[in-house]
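Naming convention: chains lettered A, B, ... in sequence-line order (proteins, then strands); numbering from 1 in each chain. As the structure is a prediction and not an experimental result, all values here were calculated from the model.
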Amino acid sequence: MSVLVYAESEKGQLKKIALELASFGRAIADQLNTDLIAITVNCDNNELLGNYGVNEILTSSHPEEFNAQQYAAIVKDAAQKKDAKVIAVSSSADSRYLAPLAAVELNAGYVTNVVEAPLSTTPFHVKRSVFTNKAFGISELNTDVKMVGLSKNAFGMHENPTTPTVTEFSPTVNNSSMEIASVDKANDQVTIADAEIVVSGGRGLKGPENWHLIEDLASTLGAATACSKPVSDMGWRPHSEHVGQTGKPVASNLYIAVGVSGAIQHLAGINASKVKVVINSDPEAPFFKAADYGIVGDAFEVVPKMIEKLKSFQAENT
Amino acid sequence: MKILVCISHVPDTTSKINFVENNTQFDTQGVQYIINPNDEFGLTRAMWFKEKEGATVDVINVGGPATESTLRKALAIGADNAIRIHTEALDATQVAKEIVAVIQENGYDLIIAGRESIDYNGGMVPGMIAALTGMNYLNNCIRLEIEGQNATAVREMDGGKETVTTPLPLVIGAQKGLVEESDLRIPNMRGIMMARKKPLSVLEPQHGDAQVQTIAYEKPAPKGAVKLVEPENIDQLISLLHNEAKVI
Ligand SMILES: Cc1cc2nc3c(=O)[nH]c(=O)nc-3n(C[C@H](O)[C@H](O)[C@H](O)COP(=O)(O)OP(=O)(O)OC[C@H]3O[C@@H](n4cnc5c(N)ncnc54)[C@H](O)[C@@H]3O)c2cc1C
């Protein structure tokens with residue numbers, strides 16, 4: 001038996017969440033006293049997984065483009081070949097897309113949004129977040145093969161050097177009748193899913209013409225930009241930036257909210273972030289109850305000053 | 001074209017989340033229920049296919065009698081028929097298998113489910129339906145056009161989007177963006193009256209085995225108070241973020 005992780009890469013390079021997932025997989029493999037296997041597709045830097053406790057890497061060089069059904073088949077083949085009893089995936093959009101398909105094929109019980117290593121392995125108990133971060137559930141998986149989806153930024157990266165073997169893997173992949181017509185992906189932008197820092201703007205910014213404040217603060221910090229629901233509903237910002245219970249979830253290290261009141265639906269979606277900072281002119285804004293740090297002040301004065309101070313801080317610290 | 005929209009009956013987004021029976025059951029007291037927002041985006045898109053292209057739209061829920069008010073709301077918005085599978089499912093696999101039994105019985109060209117429900121956040125029912133029926137599947141769907149037996153659909157990815165073409169039948173995981181917020185409908189009096197006369201059939205379940213059982217719930221630990229920094233003192237905030245929080 002073994003533990004298997006699907007380690008995602010982008011343009012041939014492992015994603016950070018893949019390294020976090022490997023660390024998580026290592027912890028489970030230790031609990032079960034077994035090997036950790038990783039499956040990768042079109043990945044050029046497989047060896048990096050050796051820093052995070054992977055014993056063996058299976059790597060496939062097809063298909064060229066992501067297709068959930070085909071990738072699910074690859075994960076399933078790898079799991080069967082290696083007799084994996086636990087399969088772990090990340091919570092990226094692609095992994096969440098393919099995982100239920102693989103779970104059905106493997107007849108595996110599957111739990112998403114897992115926030116720590118299993119509480120026990122017999123019985124197999126995991127803790128997961130539910131009600132959009134408003135609570136946790138302890139779930140028991142009673143299938144022979146188990147699948148767990150790790151919440152982003154919940155486990156962290158833990159170095160654990162190994163010297164993994166890398167084996168070419170040629171899974172059976174059926175043709176798909178779903179074809180990709182086009183892909184539209186900004187290359188240089190930090191995405192909300194991958195960002196360590198997210199800077200978010202709300203209705204307090206008054207209009208789209210003021211978004212340079214959010215963008216400048218974000219670019220100073222190497223952060224992704226986000227917004228509240230009304231801001232995207234009014235078309236000030238694209239839907240893809242809407243975060244919260246009905247938008248994207250955020251689980252960054254640092255979340256900075258500017259001119260966001262902190263409605264329950266907004267907070268639910270961003271609560272998994274480690275550190276929250278709020279800048280709001282209203283001391284009664286509910287966000288202050290959810291934040292770690294706060295400034296009661298006018299965003300139009302505070303944000304430019306903050307950018308300036310951050311720049312001098314960065315100049316001193318590099 | 002026959003469309004099936006899967007409707008999850010979920011607590012209103014402002015609900016207080018509490019648990020009873022030794023923290024093993026969600027406390028439904030005083031909780032208002034709504035159509036899961038992601039499902040509502042999907043239902044609204046289905047209404048467009050009904051009105052513009054003459055599609056029939058069935059809605060389905062796997063749940064107890066309490067969910068019928070939510071199904072009636074979907075009928076009031078404009079769905080033609082409602083189906084309730086009479087069982088309290090324990091996990092996503094059970095839900096998916098119950099829905100698949102109905103799909104196999106009735107036959108549909110398009111199955112719409114929300115990307116995830118806002119209660120248990122599993123995000124797996126649409127994918128499981130696709131895998132169990134062998135249909136093509138597109139998650140995080142933000143656009144869907146259908147011509148004859150073919151669909152063009154857009155999936156939101158991390159940091160971008162992708163357009164795909166696929167033959168029907170198709171399963172999608174709907175989410176915000178599939179329709180505009182302003183397209184969402186509040187049922188009017190006429191819709192509500194009509195919904196009372198529309199068929200709502202209650203079917204007996206398949207009773208498949210659950211693979212996952214949630215045995216207990218916990219609330220997050222209470223959070224410490226916010227540390228306030230004066231607007232004149234941004235250096236202090238930067239120092240706290242650097243030295244104390246260690247996030248910059
Ligand atoms: C079913 C449902 C789902 C929802 N889902 C989401 C969701 O996923 N995400 C989400 O964000 N919302 C969601 N909402 C909406 C939510 O309830 C709030 O309406 C929304 O989050 C408020 O957005 P806001 O904070 O930008 O605006 P407001 O609530 O209007 O807050 C603006 C804030 O800016 C402050 N401000 C004003 N001027 C300044 C200034 N010069 N400097 C600094 N601060 C200033 C104000 O004090 C105020 O606190 C949902 C609502 C419903 C009903």
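For the residue pair B:Met124 and A:Tyr110, the shortest heavy atom distance occurs at CE-O, 3.2 Å. In terms of heavy-atom proximity, A:Ile264 sits nearest to B:Ser15 at CD1-O, 4.4 Å. When all heavy atoms of A:Ala93 and B:Glu156 are compared, the closest pair comes out as CB-O, 4.5 Å. Nearest heavy-atom pair, B:Tyr137 versus A:Met178, reported as atom, atom and distance to 0.1 Å: O-CE, 3.4 Å. Residues A:Arg96 and B:Asn121 come closest through the heavy atom pair NH2-O, 3.3 Å.
Only the side chain of B:Glu180 comes within contact range of chain A, judged by heavy atoms closer than 4.5 Å. At a 4.5 Å heavy-atom cutoff, the contact between A:Val277 and chain B is made by side-chain atoms alone. The part of A:Val275 that comes within reach of chain B is its side chain, from C-beta onward, which places non-hydrogen atoms under 4.5 angstrom from that chain. With a 4.5 angstrom heavy-atom cutoff, A:Asp184 touches chain B via backbone and side-chain atoms both. Interface remark: B:Ile142 contributes no atoms to any contact with chain A (heavy atom separation under 4.5 Å). For a residue to count as touching a neighbouring chain, one of its non-hydrogen atoms must lie under 4.5 Å from one of that chain's; by this rule A:Asn107 touches chain B with backbone and side chain alike. Proximity to chain B is limited to the side chain of A:Lys127, based on heavy atoms less than 4.5 angstrom apart. The part of B:Glu181 that comes within reach of chain A is its side chain, from C-beta onward, which places non-hydrogen atoms under 4.5 angstrom from that chain. Looking at A:Phe313, the atoms closer than 4.5 Å to chain B (heavy atoms on both sides) all sit in the side chain, from C-beta outward. Interface residue A:Ala290: only backbone heavy atoms are found under 4.5 Å from chain B. Both the backbone and the side chain of A:Ala291 come within less than 4.5 Å of a heavy atom of chain B. Residue B:Thr14 touches chain A through both its backbone and its side chain, counting heavy-atom pairs closer than 4.5 Å. Both the backbone and the side chain of B:Pro220 come within less than 4.5 Å of a heavy atom of chain A. When heavy atoms are compared at a cutoff of 4.5 Å, A:Ala102 does not approach chain B at all. For B:Ile17, the part lying near chain A is the side chain, with the backbone staying farther off; criterion is any non-hydrogen pair under 4.5 Å. Contacts of A:Gln69 with chain B are made by side-chain atoms alone, with heavy-atom separations under 4.5 Å and no backbone atom involved. Residue B:Ile129: no heavy atom, backbone or side chain, is found under 4.5 Å from chain A. Of the atoms belonging to A:Ile192, not a single heavy atom falls under 4.5 Å from chain B. Of the two parts of A:Ile279, neither the backbone nor the side chain holds a non-hydrogen atom closer than 4.5 Å to a non-hydrogen atom of chain B. Only the side chain of B:Pro11 comes within contact range of chain A, with heavy atoms under 4.5 Å apart. With a 4.5 angstrom heavy-atom cutoff, A:Ile138 touches chain B via backbone and side-chain atoms both.
When each of A:Ile197, A:Val183, A:Asp233, A:Asn133 is checked for heavy-atom pairs under 4.5 Å with chain B, A:Asp233 comes out on top. Among A:Phe66, A:Phe124, A:Phe136, the residue with the largest count of heavy-atom pairs under 4.5 Å with chain B is A:Phe136. Of all the listed residues (A:Asn113, A:Asn253, A:Asp194, A:Thr132), the one sharing the greatest number of non-hydrogen pairs under 4.5 Å with chain B is A:Thr132. Between chain B and the residues A:Thr112, A:Leu221, A:Thr246, A:Leu98, the largest count of heavy-atom pairs under 4.5 Å involves A:Thr112. Considering only heavy-atom pairs separated by less than 4.5 Å from chain B, the leading option among A:Asn271, A:Val104, A:Val190 is A:Val104. Per-residue counts of heavy-atom pairs under 4.5 Å with chain B were compared for A:Glu10, A:Gln189, A:Gln245; the largest is that of A:Gln245. For the set B:Ala153, B:Pro126, B:Gly160, the entry with the most heavy-atom pairs within less than 4.5 Å of chain A is B:Gly160. Ranking B:Leu241, B:Leu138, B:Leu132 against chain A, the residue ahead of the rest is B:Leu138, based on heavy-atom pairs under 4.5 Å. By number of non-hydrogen pairs under 4.5 angstrom with chain A, the leading residue of B:Gly122, B:Gly224, B:Pro37, B:Ala92 is B:Gly122.
Residue B:Pro231 is tested with A:Val296, A:Asp298, A:Val302 for a side chain to side chain contact (heavy atoms under 4.5 Å, CB included); the sole match is A:Val302. Considering A:Thr143, A:Asn142, A:Val126, A:Leu141 as possible partners of B:Val212, the one that fulfils the side chain to side chain contact (heavy atoms under 4.5 Å, CB included) test is A:Leu141.
Side-chain atoms of A:Gln265 and B:Thr13 include a donor-acceptor pair closer than 3.5 Å. Side-chain contact, B:Asn136 with A:Ser177: a donor N or O sits under 3.5 Å from an acceptor N or O. Under 3.5 Å, the side chains of B:Lys176 and A:Ser232 contain a donor-acceptor pair of N or O atoms.
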Would you please test B:Ile215 and A:His125 for side-chain contact (heavy atoms from CB on, under 4.5 Å) and show each step? CA-CA 9 Å; B:Ile215 51 179; A:His125 285 176; 3.3 Å; yes
Yes or no on salt bridge (charged side-chain N to carboxylate O under 4.0 Å, His left out) for A:Lys248 and B:Asp158, after CA distance, side-chain angles and deciding distance? CA-CA 10 Å; A:Lys248 283 206 171 65; B:Asp158 293 334; over 6 Å; no
With side-chain contact (heavy atoms from CB on, under 4.5 Å) as the test, would you mind laying out the steps for B:Glu244 and A:Tyr293 before giving the verdict? CA-CA 11 Å; B:Glu244 186 177 85; A:Tyr293 304 100; 2.4 Å; yes
Given A:Asn317 and B:His242, is the side-chain contact (heavy atoms from CB on, under 4.5 Å) satisfied, shown in steps? CA-CA 10 Å; A:Asn317 283 272; B:His242 181 61; 4.0 Å; yes
Walk me through it: do B:Ile248 and A:Gln314 pass the test side-chain contact (heavy atoms from CB on, under 4.5 Å)? CA-CA 9 Å; B:Ile248 60 169; A:Gln314 286 166 342; over 6 Å; no
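For the atom pair NZ of A:Lys185 and NZ of B:Lys161, the computed distance is 13.5 Å after rounding to the nearest 0.5 Å. The NZ atom of A:Lys274 sits 15.5 Å away from atom NZ of B:Lys246, with the distance rounded to the nearest 0.5 Å. To the nearest 0.5 Å, atoms OG (A:Ser139) and CG (B:Asp91) are separated by 9.5 Å. The CD atom of A:Glu179 sits 11.0 Å away from atom OG1 of B:Thr152, with the distance rounded to the nearest 0.5 Å. Taken to the nearest 0.5 Å, the CG atom of B:Leu237 stands 5.0 Å off from the CE atom of A:Met306. Between the OG1 atom of B:Thr166 and the CD1 atom of A:Ile180 there is a distance of 12.0 Å, given to the nearest 0.5 Å.
Using bins of under 30°, 30° to 60° and over 60° for the plane-to-plane angle, the ring pair B:Phe26/A:Phe131 lands in the parallel bin.
Between B:Leu228 and A:Phe288, some side-chain heavy-atom pair lies under the 4.5 Å cut-off.
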